[in-house]
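Atoms considered below: every heavy atom in the structure, side chains included; atoms not considered: hydrogens, waters and symmetry mates.
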Amino acid sequence: MKLLDTLHRWTGGLIGLVLALLGLSGTILLYEHLWIGFPGTGDPLRGDLATVATTTERLMATPGAQGIIYADDRFGLHQLRLGKEAGAYASQSGDIVTHWASQWERPELWIFDFHHHLFAGDNGEWVIGIAGLCGLFFVISGVILWWRTRRTFQLRLWPKRMSRPSIVMHHRDLGVVVAPLLLISIVTGTMMIFRPFALGVVAPFGPVAETAKALDPPKYKGGPLAEKPDYTAMLTEARRRFPEAEFRILSLPRKAGDPIMLRMRQQAEWLPNGRSTLWFDAANGELLGARDALVMPSGAQAFNMAFPIHASKVGGWTWRIVLTISGLAMTMLGSLAVWTFWFRRPKTAKQSVKKVALATS
């Protein structure tokens with residue numbers, strides 16, 4: 001038990017600040033659709049084919065356009081992707097509301113980049129994934145260590161005093177209360193970073209090999225991107241394939257020969273951007289293939305539920321409040337763990353004797 005206590009303290013001291021910042025940034029992102037205050041953010045969704053096709057043709061004619069994240073029921077503006085970090089918000093009629101040349105001009109973008117990549121791309125994802133695994137150990141070991149002190153349990157939102165014993169007691173008691181919420185946040189977040197971990201979590205739902213194959217996108221090759229792709233024809237074919245689905249993401253090829261990708265969301269899908277996908281030849285708009293998310297293996301469908309659970313895209317305000325509690329608790333527990341480990345460490349016996357000697361001299 002002493003070894004577990006030592007590992008728990010060192011884990012908190014070394015990774016606690018990362019977990020705290022992830023908890024805080026994640027909590028902020030839960031409400032991003034409410035504090036982006038441009039005209040049109042609250043407009044009702046107009047998802048009919050004619051409107052979407054006309055707007056798509058107009059927006060994709062913008063110089064440098066790389067794709068569109070379409071408006072949905074919670075956010076009434078389209079997001080146009082323009083180059084590496086540039087972009088714009090546009091109304092559902094295709095009028096540009098605002099644009100930016102860098103993500104640093106839009107707080108929701110750089111907060112998202114921090115929460116998902118720590119501003120470090122793929123390397124940042126690895127750090128976050130490791131932090132998630134450490135957080136998982138942190139929660140489980142904390143519950144085990146709390147059991148020894150269960151008779152002194154007192155639920156407080158803040159430590160009684162900012163002394164080390166009070167902070168440690170508050171840390172353990174608050175931690176055991178929010179442990180189930182932290183586990184949900186950490187497990188679902190880590191699933192999106194580490195594919196092997198995700199496959200292990202969803203293994204009870206079906207064969208791992210079948211799940212992994214279903215999650216990997218098919219490889220299609222086509223011709224070079226046409227000068228003026230016929231987006232209307234592509235959207236029409238997509239609506240024919242999935243009549244009740246919403247248009248969610250249109251992406252141009254990243255390199256020559258790759259297809260144009262269109263993601264849609266069917267009503268039964270939890271994933272906000274859907275996983276029902278169509279691939280079109282970039283040269284002539286011919287449909288190369290389509291994937292229906294509702295007929296994917298059970299393991300893949302379980303994996304697709306991780307993000308909406310993690311980001312409060314389901315469950316309405318009730319689940320958003322629950323995740324807010326989880327995020328703020330992670331922020332508090334992580335920051336106080338760092339504070340007590342580095343700045344409120346217990347005095348050694350030698351230091352205590354020296355202090356007494358000075359006091360009596």
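- Between the side chain of Gln92 and the backbone N or O of Arg46 there is at least one donor-acceptor pair closer than 3.5 Å.
- In this structure, Phe138 has its ring center closer than 6.0 angstrom to the ring center of His8.
- Without hydrogens or angle criteria, Thr211 side chain to Pro207 main chain gives a donor-acceptor distance under 3.5 Å.
- Side chain of Thr56 to backbone of Thr54: no donor-acceptor contact under 3.5 angstrom is found.
- Around the CH2 atom of Trp147, the shell of radius 6.0 Å holds no more than 12 heavy atoms that belong to other residues, nucleotides or ligands.
- Residue Arg254 qualifies as open at atom CZ: its count of foreign heavy atoms under 6.0 Å is 12 or below.
- In this structure, the ring of His33 has its center no less than 6.0 angstrom from the ring center of Phe75.
- Side-chain atoms of Asn304 and Glu269 include no donor-acceptor pair closer than 3.5 Å.
- Interatomic distance, Arg106 CZ to Tyr89 OH, rounded to the nearest 0.5 Å: 5.5 Å.
- A donor atom on one side chain and an acceptor atom on the other are not found under 3.5 Å apart for Thr55 and Tyr70.
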### Query
Between Lys313 and Leu271, is a side-chain contact (heavy atoms from CB on, under 4.5 Å) present by the stated rule, with each step listed?
CA-CA 8 Å; Lys313 301 300 184 180; Leu271 197 66; over 6 Å; no
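- Contact check for Met264 versus Glu246: no side-chain heavy atoms found under the 4.5 Å cut-off.
- Formation of a donor-acceptor pair under 3.5 Å by the Arg172 side chain with backbone atoms of Thr149 is not found in this model.
- Ring geometry for Phe153 versus Trp146: interplanar angle over 60°, hence perpendicular rather than tilted (30 to 60°).
- Counting only heavy atoms from C-beta outward, the side chains of Thr277 and Leu262 never approach each other to under 4.5 Å.
- Hydrophobic clustering places Val139 together with Val201 (ILVMFWY residues linked when any side-chain heavy atoms are closer than 4.5 Å, directly or through intermediates).
- Formation of a donor-acceptor pair under 3.5 Å by the Thr340 side chain with backbone atoms of Ala337 is found in this model.
- A 4.5 Å side-chain heavy-atom check between Asn123 and Val127 finds every atom pair outside the cut-off.
- Trp100 is listed as a side-chain neighbour of Leu109, based on a closest heavy-atom distance under 4.5 Å.
- With hydrogens and angles ignored, the 3.5 Å screen pairs a side-chain donor or acceptor of His170 with a backbone N or O of Arg156.
- Atom CG of Leu174 and atom CH2 of Trp158 lie 10.5 Å apart (nearest 0.5 Å).
- If you chain together hydrophobic residues whose side chains sit under 4.5 Å apart, Met305 and Leu215 fall into the same group.
- Going from atom CG of Leu82 over to atom CD1 of Ile96 covers 7.5 Å, rounded to the nearest 0.5 Å.
- Evaluation of the ring-ring contact (aromatic ring centres under 6.0 Å, His included) test over residues 181-206, restricted to residues two or more places apart or in two chains, returns Trp126-Phe194.
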### Task
Determine, stepwise, if the pair Gln154 / Lys160 fulfils side-chain contact (heavy atoms from CB on, under 4.5 Å).
CA-CA 10 Å; Gln154 289 184 344; Lys160 186 176 182 180; 5.9 Å; no
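- Between Lys213 and Glu210 no salt bridge is recorded (no basic side-chain N to carboxylate O distance below 4.0 Å).
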### Message
Show, in sequence, the C-alpha distance, side-chain angles and deciding distance for Thr232 and Glu57, and conclude whether the side chain to side chain donor-acceptor pair (under 3.5 Å) test is met.
### Response
CA-CA 7 Å; Thr232 299; Glu57 295 283 2; 2.9 Å; yes
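- Using modelled atom types, one side-chain atom of Thr331 and one backbone atom of Leu24 make a donor-acceptor pair closer than 3.5 Å.
- The heavy-atom pair separating Gly289 from Tyr220 by the smallest distance is CA-OH, 3.5 Å.
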### Task
Determine, stepwise, if the pair Gln301 / Trp270 fulfils side-chain contact (heavy atoms from CB on, under 4.5 Å).
CA-CA 9 Å; Gln301 295 199 42; Trp270 281 19; over 6 Å; no
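- Minimum heavy-atom separation, Leu77 to Ser91: CD2-CA, 3.9 Å.
- You'll find the side chain of Phe112 stays beyond 4.5 Å of the side chain of Ile28, heavy atoms only.
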#### Entry: Ile111 vs Glu32, side-chain contact (heavy atoms from CB on, under 4.5 Å): CA-CA, chis, key distance, verdict
CA-CA 10 Å; Ile111 293 174; Glu32 65 171 334; over 6 Å; no
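- Hydrophobic cluster membership differs between Phe307 and Val322, with clusters built from Ile, Leu, Val, Met, Phe, Trp and Tyr side chains linked at under 4.5 angstrom.
- Contact check on Asp258 versus Lys221 returns a salt bridge, with a Lys/Arg side-chain nitrogen under 4.0 Å from an Asp/Glu carboxylate oxygen.
- Residue-environment remark: CG (Leu155) exceeds the threshold of 12 foreign heavy atoms within 6.0 Å.
- With Leu21 as the fixed residue, the side chain to side chain contact (heavy atoms under 4.5 Å, CB included) test singles out one of Leu19, Leu17, Val18: Leu17.
- In this structure, CG in Leu14 is found 6.0 Å from CZ in Phe341, a value given to the nearest 0.5 Å.
- Panel note: side chain Ser185, backbone Leu182; no donor-acceptor pair is recorded below 3.5 Å.
- Cluster membership for Ile249 and Met234, using ILVMFWY side-chain heavy atoms within less than 4.5 angstrom, is not shared.
- Within the 4.5 Å cutoff, the side chain of Pro253 has no heavy atoms near those of the Pro259 side chain.
- In this structure, CD1 in Ile260 is found 7.5 Å from CE in Met60, a value given to the nearest 0.5 Å.
- Electrostatic pairing of Arg195 and Asp216 counts as a salt bridge here, judged by a charged N lying under 4.0 Å from a carboxylate O.
- Judged by distance alone, with hydrogens and angles left aside, the side-chain atoms of Trp342 form a donor-acceptor pair with the main-chain N or O of Gly13 at under 3.5 Å.
- Tracing side-chain contacts under 4.5 Å through hydrophobic residues (I, L, V, M, F, W, Y), one never reaches Ile69 starting from Trp110; they form parts of separate clusters.
- For Trp104 and Phe119, the ring centers are positioned less than 6.0 Å apart.
- Scanning both residues, Pro107 and Trp35, for their nearest heavy atoms gives CG-CZ3, 3.9 Å.
- Here the side chains of Leu4 and Ile144 are in contact, with some heavy-atom distance below 4.5 Å.
- Contact detail for Leu323 and His310: the closest heavy-atom pair is CD1-O, 3.4 Å.
- The two residues Arg248 and Gly274 make their nearest non-hydrogen contact at CG-N, 4.5 Å.
- Under the 4.5 Å side-chain criterion, counting only non-hydrogen atoms from C-beta, Leu336 is in contact with Met162.
- A side-chain donor-acceptor contact under 3.5 Å links Arg58 to the backbone of Ser93.
- Of all heavy-atom pairs between Leu328 and Thr27, the closest is N-OG1, 3.8 Å.
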### Task
Go through the steps to decide whether Thr324 and Tyr31 satisfy the test side chain to side chain donor-acceptor pair (under 3.5 Å), and finish with yes or no.
CA-CA 10 Å; Thr324 300; Tyr31 300 92; 2.5 Å; yes
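- A distance of 9.5 Å separates CG of Leu118 from CD of Glu125, quoted to the nearest 0.5 Å.
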